[in-house]
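Working notes, structure below.
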Amino acid sequence: MAPAAPRLVLGLLVLSLCCDACKKVIFLVPSTLEAGTLVGRVNLNECLQSAELISSSDGNFKVLEDGSVYTTSAVSLSDEERTFTIVLKDIQEHVEKKIQVNLVTDEKKTQAQKTRQARDTVLKRTKRRWGPIPSVMMENSLGPFPLQIQQVQSDTAQNYTIYYSASGPGIDQDPKGLFYIERETGNIFATRAVDREQYPSFQIICFASTPDGYSPEVPLVHTIRIEDDNDNAPYFTQEVFEFCVPENSKPGVIVGTVTAEDRDEPLTLHTLLRYRIVSQNPPIIPAFSLHGETGVISVLSPQLDRELVSTYTLLIEVRDMGGQPFGLCTTGTAIIKIEDTNDNAPTFKQIQYETQVEENRVNVEILRVSVVDLDELGAPGSTAVYEIIRGNDDRSFEITTDRNTNEGILCVVKGLDYEGAKQRILVIAVNNEAPYMLAPHSQQVVQSTSTVIVNVLDVDEGPVFKPCFFRMDASECDEVGTSIGKYLAEDPETGNSEGICYKIAPGQCNWINIDEKSGEVRTIRALDRDLGEMKRGQCNITVLAIDRNGKTGTGTLQVVIQPCNRNFPRILKTDYIMCRDRKPICLTAEDGDISSYSMPFVYRVTDRNLASSWKITRHNEKSVYLSPRGDIPFGIYTIPVTVSDKSGKQGVTQITVNYCNCVIPSECERMSYASSSVTLGVWAILAMILGSLLLLLILITICGCCGSGVMRRHVTDDCANHNLIISNTEAPGEEVMDHNIIPLQNTADQVGCGIKTGDQQTFEMVKGRGHTLESVRGGGHQTLGSVKEGGGGQPVMDTCRYSYSEWHNFTHPRLGEESIRGHTLIKN
C-alpha cells in the first residue's frame with residue numbers, strides 16, 4: 001500500500017521511568033504527525049496482562065491490542081510536548097491501570113521526515129496487496145509442514161527495502177510457534193495441525209517496516225480461520241434418560257425428550273443430528289416412538305399395562321450429517337417406567353370370617369382380614385380402605401388398615417353386652433385410596449364384600465349404673481337431710497338392683513351422702529353457694545356399686561345447687577333528714593339473691609294513713625324516691641316501707657324521716673343539739689318558780705290563819721271558767737261542790753295539769769316531789785305549752801324555752817282575780 005503523500009520514517013525511543021511501564025512512557029516524534037502514523041509501541045502485558053478494554057484519553061490517538069499507538073488524525077506538536085493516557089481495564093476482576101504517554105518533539109526526526117516526504121511525492125501506487133482476504137486452514141491438516149497459508153506484501157517495497165513481521169496468538173502468544181512470517185517475502189506458514197474446537201480462528205497483526213525502523217504501512221490485522229472437519233461424533237447430554245408414564249395412556253402422549261450435542265461447527269452438516277430407536281427391551285410390540293429431529297419420545301401402543309411390563313428400556317442412536325450412513329453416531333439409553341393406576345379392584349381372600357370376643361372388652365383386636373390387589377404394592381392404587389357397611393349401627397366396631405401388610409384390623413371400641421346380643425353379624429367392604437380407573441381392556445367391577453360373624457362370650461360382670469352419668473338438682477333452700485333423688489345400679493345378670501350396696505368415694509362433696517342400701521341421695525349440710533367448695537355450684541361424685549360377689553361398678557353423679565329466693569330485700573339506710581325544700585329521699589334496697597330472684601324491686605308504704613301523706617316514685621329497678629304528697633307539719637315521721645323482689649318475697653323496713661325547718665340537713669342537726677342544751681336551763685327555771693310558789697302559799701296560809709273563820713264567797717256564773725283552787729291536798733276538798741269546777745286527776749308525778757271543759761280552762765297547782773314543768777307535757781293533758789297555743793288548735797313545735805315572767809303572767813293574774821271575786825280558800 002503506497003500512501004498519497006510519502007511519510008518519513010519516525011524514530012522510536014521508548015523510555016521507562018523507574019522501570020515501570022504503567023507509570024510513564026516517552027516517545028520522541030516529529031513536530032507534525034499525519035493521520036495513521038505509528039507513534040510507537042507500548043508493552044501492555046507488563047502493565048496488565050488480562051486487559052480486556054484498551055482506550056486512549058486523547059481521541060487523536062488509538063491503541064491496538066499489541067500496544068501499537070497510531071494517530072487517527074493529523075497532529076501538530078506546537079508546544080514541543082503532548083501528553084495523553086492509555087487506560088487498561090479488566091472487567092471481570094474489576095482492575096484498571098493507566099499508562100501516561102508523553103510525546104516530545106525531536107528536531108532530527110522532523111528534518112528526516114521532510115526529506116522522505118519530498119522523495120515520496122514522485123512515487124505512484126501501481127497495486128495494493130497489503131490487505132489480503134482472511135486466510136483459511138483446514139482443521140487436522142496432514143501437511144506437509146511448514147504449510148504456506150497466505151502471503152502479505154506492501155506496495156512500498158518498490159521504493160524501500162521492506163521487512164515483514166507479525167505478532168499475536170499462534171506467533172508470540174499461546175499457542176506459540178503455530179505460525180510464522182518470512183521476513184523478506186511476507187509468506188505466512190503453519191507449522192502443525194490445528195484443532196478447530198480448541199482454536200476456531202486466529203487474529204495476528206502484520207507489520208511492514210524499513211531497515212531503519214520506519215513503518216510506511218499501518219499494521220495489518222489478519223484473520224486465519226480454521227475450517228471445520230467432522231472429527232467429533234455427537235454425544236447425549238445424559239448417560240441414561242429416565243421417564244415415567246401412567247399405564248393405559250393413550251397413543252401420542254409425550255413421555256419425554258432425549259437431547260444430544262456435537263462439538264463441530266454449528267449450522268453445518270457436521271452438527272445436523274438425527275435420532276432413532278435401535279431396540280426395545282422387552283422385545284414385544286413397539287410401545288414408543290421417537291421423533292428423528294426433536295428427540296421427543298411418545299406413546300405408540302394403546303395397551304401399556306404395568307401388571308404385564310413395568311419398565312421399558314430403549315437403545316437410542318444419534319447421528320450427525322443429517323443421519324447419513326457416513327455420519328458419526330453415538331448410542332444412549334432411555335428407561336421408561338410405567339406408573340401404576342388403580343385399574344385393578346381389591347377382592348377379599350375369604351367371603352366369610354368368624355371370630356369371638358368377651359363381653360365388655362374395649363379396644364381389643366378380634367380379627368384380621370386380607371385382600372388381593374394386582375396393582376403396585378404400597379401405591380395408592382393398591383392400599384386398601386376398609387369399612388363396615390352393615391351391622392354396626394351402635395358404632396361398637398371399628399376397622400383400620402395395617403400399612404405394612406395391607407390387612408384390615410377389626411377392633412371392638414365399645415363393650416358388647418352378652419345379655420343384649422349373643423352374636424353380631426357384620427358386612428365389610430373394601431376400596432382403594434385412589435379412585436378406580438377403568439382400563440381399555442378391563443370390565444366394570446363390583447365392590448368386594450365379606451361377612452364377619454362375631455360371637456359374644458358371657459362374663460360375670462359387676463353392677464352397671466344406668467345411665468352412667470346422672471344429674472340431680474338440689475335447691476339452696478333445702479333443709480339438711482332433704483332427699484334429692486336416687487341413683488341406682490343394676491346387675492347385668494339379673495337385671496335388678498337387689499343386693500347392691502352404694503358408696504361415695506372419699507374426698508368428694510362433703511355436703512352430699514348416699515344411702516348404702518337404697519341409693520337415695522340426701523344433703524347433710526346446709527347448701528350455700530357462697531361457701532367453700534359449694535361456690536362452684538355443682539359437684540361431680542363417683543358412686544361405687546358393689547354386688548354380693550364383690551364386683552364393683554362406678555357411675556358419675558352430678559349434683560347441681562340451684563339458687564333459690566332465700567333473702568328478702570332490705571333498705572340499708574333508714575334515717576333521713578328532709579328540709580323545708582322537701583327534696584325527695586332516695587331509698588335503695590339490697591338483696592343477697594341472684595338477679596333472677598332480686599330486681600326489679602317493688603316499694604310500697606304499708607301504713608294507709610301515712611300512704612296518704614307520703615308517695616313513692618320509681619327511680620330504677622333498685623331505687624325509688626320518697627316524698628310528701630302535700631303540706632305536712634314539721635316533725636319526725638316513722639314510715640313502714642315494704643320492698644318486694646321479683647318472685648314476690650318482701651320485707652318491711654321502718655324509715656325515719658325528720659321533716660325539719662331547715663335549709664340544709666346539717667342545720668337540723670345543730671338545732672337538735674341546742675335543744676338538748678337548753679333543757680338544763682328549763683330545769684333551773686322551774687326550780688325557781690316552784691320556790692316562789694312555795695313562798696306564796698306559805699304567805700297565804702299565814703293570812704288565812706289570821707282570819708276569824710272560813711271565808712265563803714259566791715262565785716258568779718260569768719267567772720265560773722276562771723276559778724283557781726289552791727290546795728295542799730291530793731284531791732279537792734269536800735266543800736268544793738260547785739258543778740262548774742271539775743275535779744282534777746290525782747297523779748303523783750304531775751306538777752300541774754290543764755283541763756279543758758267546754759271552752760273554759762282550769763289550771764291546778766299540786767304539790768309534788770321535785771317535779772318540773774317538762775314533766776307535765778305528756779299524758780294527753782295540756783301543759784303550759786298548750787296554753788300558749790291558744791284555743792284547741794294543732795300542737796306547735798316548741799323548744800321548751802320558758803321564762804319566769806311567762807309563768808308569772810300565767811298564774812298570778814288568776815290568783816289575784818280569784819281573791820277579788822271572793823273565791824273560797826279551803827284550808828286543811
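Keep in mind that what you see is a predicted model, and the values were worked out from it rather than measured.
- The SG atoms of C660 and C579 do not lie less than 2.5 Å from each other.
- Rounding to the nearest 0.5 Å places CG of L544 at 9.0 Å from CD1 of I504.
- Under a 3.5 Å cut-off, the side chain of N392 and the backbone N or O of S396 do form a donor-acceptor pair.
- A salt bridge does not link K573 to D575: none of the charged nitrogens lies less than 4.0 Å from a carboxylate oxygen.
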Exercise. Take L527 and V480 through the test side chain to side chain contact (heavy atoms under 4.5 Å, CB included) and record every step on the way to the result.
Key: CA-CA 8 Å; L527 304 183; V480 177; over 6 Å; no
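- Side-chain polar atoms of T554 and T542 form no donor-acceptor pair below 3.5 angstrom.
- Note that the CD atom of Q508 and the CG atom of N540 stand 9.0 Å from one another [nearest 0.5 Å].
- Looking only at distances, no side-chain donor or acceptor of R471 sits under 3.5 Å from a matching main-chain atom of Q558.
- When atom types are taken as modelled, the side chain of R618 and the backbone of N620 share a donor-acceptor pair closer than 3.5 angstrom.
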Self-check item: Stepwise ring-ring contact (aromatic ring centres under 6.0 Å, His included) test for F465 and Y487
Solution: CA-CA 8 Å; F465 283 95; Y487 191 33; 4.5 Å; yes
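- A donor-acceptor pair under 3.5 Å is formed between the side chain of K414 and the backbone N or O of D394.
- Ion pairing between a basic and an acidic side chain is recognised when a charged N comes within 4.0 Å of a carboxylate O; D631 and R582 show such pairing.
- Other residues, nucleotides and ligands contribute at most 12 non-hydrogen atoms within 6.0 Å of the CZ atom of R570.
- Around CZ of R629, the count of heavy atoms belonging to other residues, nucleotides or ligands within 6.0 Å exceeds 12.
- The two residues C539 and W511 have their closest heavy-atom pair at CB-CZ2, 3.6 Å.
- Salt bridge absent: R424 and D393 never bring a charged side-chain N and a carboxylate O closer than 4.0 Å.
- When atom types are taken as modelled, the side chain of Y603 and the backbone of A589 share a donor-acceptor pair closer than 3.5 angstrom.
- T523 places a side-chain N or O within donor-acceptor distance of the main-chain N or O of E479, the cut-off being under 3.5 Å.
- Closest approach of F601 and D645 over heavy atoms only: CD2-CA, 3.9 Å.
- Distance NZ/K583 to OH/Y576: 13.0 Å, rounded to 0.5 Å.
- In terms of modelled atom types and a separation under 3.5 Å, the side chain of E520 and the main chain of I514 share no donor-acceptor contact.
- Going from atom CZ of R580 over to atom SG of C668 covers 11.0 Å, rounded to the nearest 0.5 Å.
- Counting only distance, with no hydrogens or angles, the side chain of S518 and the backbone of D515 share no donor-acceptor pair below 3.5 Å.
- Checked for salt-bridge contact, R361 and E359 miss the test: no charged N lies under 4.0 Å from a carboxylate O.
- Note that the NE2 atom of H619 and the OG1 atom of T588 stand 7.5 Å from one another [nearest 0.5 Å].
- Note that OG of S497 and NZ of K486 are 10.0 Å apart. Values are rounded to the nearest 0.5 Å.
- For the pair N496 (side chain) and E498 (backbone), a donor-acceptor distance under 3.5 Å is present.
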